[in-house]
Amino acid sequence: MLILGIESSCDETAAAVLRDGKCILSNVIGTQVAVHKKYGGVVPELASRHHLENIVPIVNAAFQEAEVAQEAIGGIAVTQGPGLVGSLLVGVNYAKALSFTLNVPLVAVNHLEGHIYSVPLELTRSEAQRGIPETDWCELFPALCLIVSGGHTSLYWVESLEHPTKFELVGRTRDDAAGEAFDKVAKLLHLGYPGGPVIDRLSKQGNPRAVDLPVSKISDGKLDFSFSGIKTAVLRYVQTHLQKEVDEMASRRSEQNFNDRLPQPVYDLIASFQRTAIEMLFDKASRAAELRHPRSILVSGGVACNGLLRDRFRQGFAKKNIPVHFPSPILSTDNAAMIAAAGYPKLMAGEHSGLSLNADVHLRLHV
Ligand code: KG4
Ligand code: ZN
């Protein structure tokens, strides 16, 4: 069965066509980074306006790339939430209209569930490319799933992907998401938006142990995360030690190209921030693994693209004999292939959403 996925929860308009929920025939993503760059973050009103402009061409491109006629699909999966209301509404309403005109069932998907599905989806994709037999997705479970993006930092325990899947929330951020911390630190150092990829690249030139930044302590013993403290610590460090250098970087910002040499203490601060943030993620994931004994660790979301995170998780969990899986960057960040993959088993189970489906900004994954 062919399924169309539609994703518009934040600043990416995306559509994808999958065969049998596992084989990606197309995966088209229209990013709005250029629109939001000058504001240093996503501006919700601009995001929804651009989704409106992009949704039709992006969905058409997904059909074209898949070489599939619209009438050939057997169902549509769309992100219902969580996300920005104006952005979600564009995808949800377009999906409803398309399901009505094509007379195919529609199913609502939680964006976070999509991020979890992006990992097994990647596994199947890379195995097909290498011509090796497909891993049965069941073999990955029970799994600890870490979702780390600009809007979310959550750790879920997933016993199996059997429908209906139960997601148990093991830990979540109590304030900023990890990606948000990367973006805010990049903003205060005038490094541009989104901050994660720039920090990932520039940190290679710094000493990750040069600056001692505080690691947030969650005193009630829960496996929750907190990233606002480290962001404030970076701000204080700049104010005390690097204000002149950072002001100079700000004044050159318009002509700055990020290949310019920055002062060495700035590289050191960037590398130290990244190391500390990644260590906080690894520490909680590692403690959760000790308690729950998962068969694998699945990490996804934009921050899962981070080079240090990948090295740290691979090396740290290799010692515990637990395999770690990441999606490739194109499936780590927001995309619609993961939404189609998560929607497929629901459609197969006859779980359909009617035309009364509405966006849900705070949609929860766990029970
Ligand atoms: O999953 P995503 O595309 O959108 C959300 O659902 O938020 O994630 C975007 C986030 C941004 O905060 C961005 O700075 C971060 O992922 N990011 C990274 C890297 N690439 C993207 N953070 C750290 N290192 C990276 N290489
Ligand atoms: Zn996301």
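Ligands are counted one by one from 1 in listed order, and the atoms in each one are counted from 1 as well. Along the sequence shown, the residues carry numbers beginning at 1. Hydrogens, waters and symmetry mates play no part in the numbers below; they use all other heavy atoms, side chains included.
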A.B. asks: Check the orientation of His111 and His152. Use parallel for under 30°, tilted for 30 to 60°, and perpendicular for over 60°.
C.D. replies: tilted

A.B. asks: Give yes or no for whether the N/O distance cutoff of 3.5 Å, strictly under, is met between Asp183 and ligand 1.
C.D. replies: yes

A.B. asks: Contact between Leu357 and Val78 at the side-chain level, heavy atoms closer than 4.5 Å - yes or no?
C.D. replies: yes

A.B. asks: Give the residue, atom name and distance (to 0.1 Å) of the protein heavy atom nearest atom 20 (N) of ligand 1.
C.D. replies: Gly302 O, 3.4 Å

A.B. asks: Is it the case that more than 12 heavy atoms not belonging to Gln243 sit under 6.0 Å from its CD atom?
C.D. replies: yes

A.B. asks: What do you reckon, is CD of Glu290 surrounded by more than 12 foreign heavy atoms closer than 6.0 Å?
C.D. replies: yes

A.B. asks: Measure from atom 26 (N) of ligand 1 to every heavy atom in Ile199, Asp200, Ile147 and give the option owning the shortest one.
C.D. replies: Asp200

A.B. asks: Determine which pairs satisfy ring pair (Phe, Tyr, Trp, His ring centres under 6.0 Å) with at least one residue from residues 44-86, sequence neighbours left out, and list them in order.
C.D. replies: none

A.B. asks: What's the shortest heavy-atom distance between Val33 and Tyr193, and which atoms?
C.D. replies: CG1-O, 4.1 Å

A.B. asks: Geometry only, no angles: is Gly307 polar-contacting ligand 1 at N/O separations under 3.5 Å?
C.D. replies: no

A.B. asks: So among Leu18, Asp20, Val109, which one has a side chain to side chain contact (heavy atoms under 4.5 Å, CB included) with Tyr344?
C.D. replies: Asp20

A.B. asks: Is Gly151 close enough to touch ligand 1? Criterion: a residue heavy atom under 4.0 Å from a ligand atom.
C.D. replies: yes

A.B. asks: Looking at ligand 1, does any of its N/O atoms fall within less than 3.5 Å of an N/O of Phe182?
C.D. replies: no

A.B. asks: Please report the closest heavy-atom contact between Ile218 and Lys284, naming both atoms and the distance.
C.D. replies: CG1-NZ, 3.8 Å

A.B. asks: Give me the nearest non-hydrogen protein atom to atom 10 (C) of ligand 1 as residue plus atom name, then the distance to 0.1 Å.
C.D. replies: Gly150 N, 3.4 Å

A.B. asks: What protein N/O/S atoms are found closer than 2.8 Å to the Zn ion (ligand 2)?
C.D. replies: His111 NE2, His115 NE2, Asp334 OD1

A.B. asks: Measure the distances from the heavy atoms of Arg201 to every atom of ligand 1 and state whether one is below 4.0 angstrom.
C.D. replies: no

